[in-house]
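Please read the structure below before turning to the comments.
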Amino acid sequence: MSKGTILVVDDESRMRKLVKDFLKREDYTVLEAGDGMEAMDIFYANKEIDLMILDVMMPKMDGWQVCREIRNIPSNIPIIMLTARSSEQDELQGFELGVDEYISKPFSPKILAARVSAILRRTAGSGEGDVLEAGGIHVDKAAHEVKIDGENIELSFKEFELLTYFMENQGIALSREKILNNVWNYDYFGDARTIDTHVKKLRSKLGEKGDYIKTIWGMGYKFEVAE
């Protein structure tokens, strides 16, 4: 039985084959695209895609454009971005666009498979009763759904994870390091700007409820609902 459907997008056929063969051995169904335009055609035609592995540098339509179009649909499908360049600025741009994970080439297929597994496991939720409520924010972890005063809002996978972590730790001061360790919880080598970028976007999407996320200068953040 398939553990999920993954769309692998890369203009290098050898790279696609490497990733595809490894993921198939891990019991995933794998679809392939050689450029961004082909990827979007496949994405629109297949509503059962659970996750996308997306290369940055591609002809016709690059990874940034693909990610931007998917998030504008809107869709919160998890996206793992692959890049041959290990640029901090590229990484921050990816997170701004709604990328959930960022892996630099060359990489270990085992690490990639572990990240895919972790994302899909968390996306699946952990039970029907797993619901969080605070100050007009409703989070259904099983359905991967967020409502503000009864209205649905669209969050990327990482934004959803971050909000959930904040709400599960209401009133607790959380350092950036602790947030990284719990939301990006496997072999992530990043810095505080990753957290700050996601908090900025999350606050914006929460509207006035974004004020619940308090900045603790020199340390991190605290989620607190005013009495």
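Just so you know, these numbers come straight off a predicted model, no measurement behind them. The analysis underlying the following values was restricted to heavy atoms, covering all of them including side chains, and did not include hydrogens, waters or symmetry mates.
Between S156 and G98, the closest heavy-atom pair is CB-O, 4.1 Å. For P109 against L18, the heavy-atom pair with the smallest separation is CG-CD1, 4.1 Å. P59 approaches D35 most closely through the heavy-atom pair O-CB, 3.5 Å.
For K20, the side-chain hydrogen bond (donor to acceptor under 3.5 Å, both in side chains) criterion is met by E32, not counting sequence neighbours. Applying the side-chain hydrogen bond (donor to acceptor under 3.5 Å, both in side chains) test to K147 and every residue at least two apart in sequence or in another chain returns nothing. Residues meeting the side-chain contact (heavy atoms from CB on, under 4.5 Å) test with E12, sequence neighbours left out: D10, M15, K105. Applying the ring-ring contact (aromatic ring centres under 6.0 Å, His included) criterion to F43, with sequence neighbours excluded, gives no partner residue. The side-chain contact (heavy atoms from CB on, under 4.5 Å) search around P106 returns none, not counting sequence neighbours. With sequence neighbours left out, I172 forms a side-chain contact (heavy atoms from CB on, under 4.5 Å) with N169, L174. S117 meets the side-chain hydrogen bond (donor to acceptor under 3.5 Å, both in side chains) test with R121; sequence neighbours excluded. Shown here are the ring-ring contact (aromatic ring centres under 6.0 Å, His included) partners of H138, two or more places apart in sequence or in another chain: there are none. Residues meeting the side-chain hydrogen bond (donor to acceptor under 3.5 Å, both in side chains) test with E38, sequence neighbours left out: none.
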For residues 21-31, tabulate all N or O donor-acceptor pairs below 3.5 Å that involve a side-chain atom, not counting sequence neighbours.
from, atom 1, to, atom 2, distance (Å)
D21, OD2, K17, NZ, 2.6
T29, OG1, S2, OG, 2.9

What donor-acceptor contacts under 3.5 angstrom involve side-chain atoms of residues 212-221, with partners at least two apart or in another chain?
from, atom 1, to, atom 2, distance (Å)
Y212, OH, G135, O, 2.9
K214, NZ, D211, O, 3.0
T215, OG1, R203, NH2, 2.8
Y221, OH, D196, OD1, 2.6

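When each of I103, V8, V99, I6 is paired with I80, the side chain to side chain contact (heavy atoms under 4.5 Å, CB included) condition holds for I103 and for no other.
No more than 12 heavy atoms of other residues, nucleotides or ligands lie within 6.0 Å of NZ in K178, so this atom counts as exposed by the packing criterion. Under a cut-off of 6.0 angstrom, the local environment of CD in E168 is crowded, with over 12 non-hydrogen atoms contributed by other residues, nucleotides or ligands. No more than 12 heavy atoms of other residues, nucleotides or ligands shown are found within 6.0 angstrom of CD on E208.
In this structure, CG on L51 lies 5.5 Å from CD1 on I119, to the nearest 0.5 angstrom.
Taking a cutoff of 4.0 Å between a charged side-chain nitrogen and a carboxylate oxygen, E154 and K205 do not qualify as a salt bridge.
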### Message
Quick one, K141 with E161, criterion salt bridge (charged side-chain N to carboxylate O under 4.0 Å, His left out). Give me CA distance, side-chain angles, the key distance, then yes/no.
### Response
CA-CA 9 Å; K141 293 171 68 176; E161 289 282 293; over 6 Å; no
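Pairs engaging residues 62-84 under the salt bridge (Lys or Arg N to Asp or Glu O under 4.0 Å) rule: R71-D100 [sequence neighbours left out].
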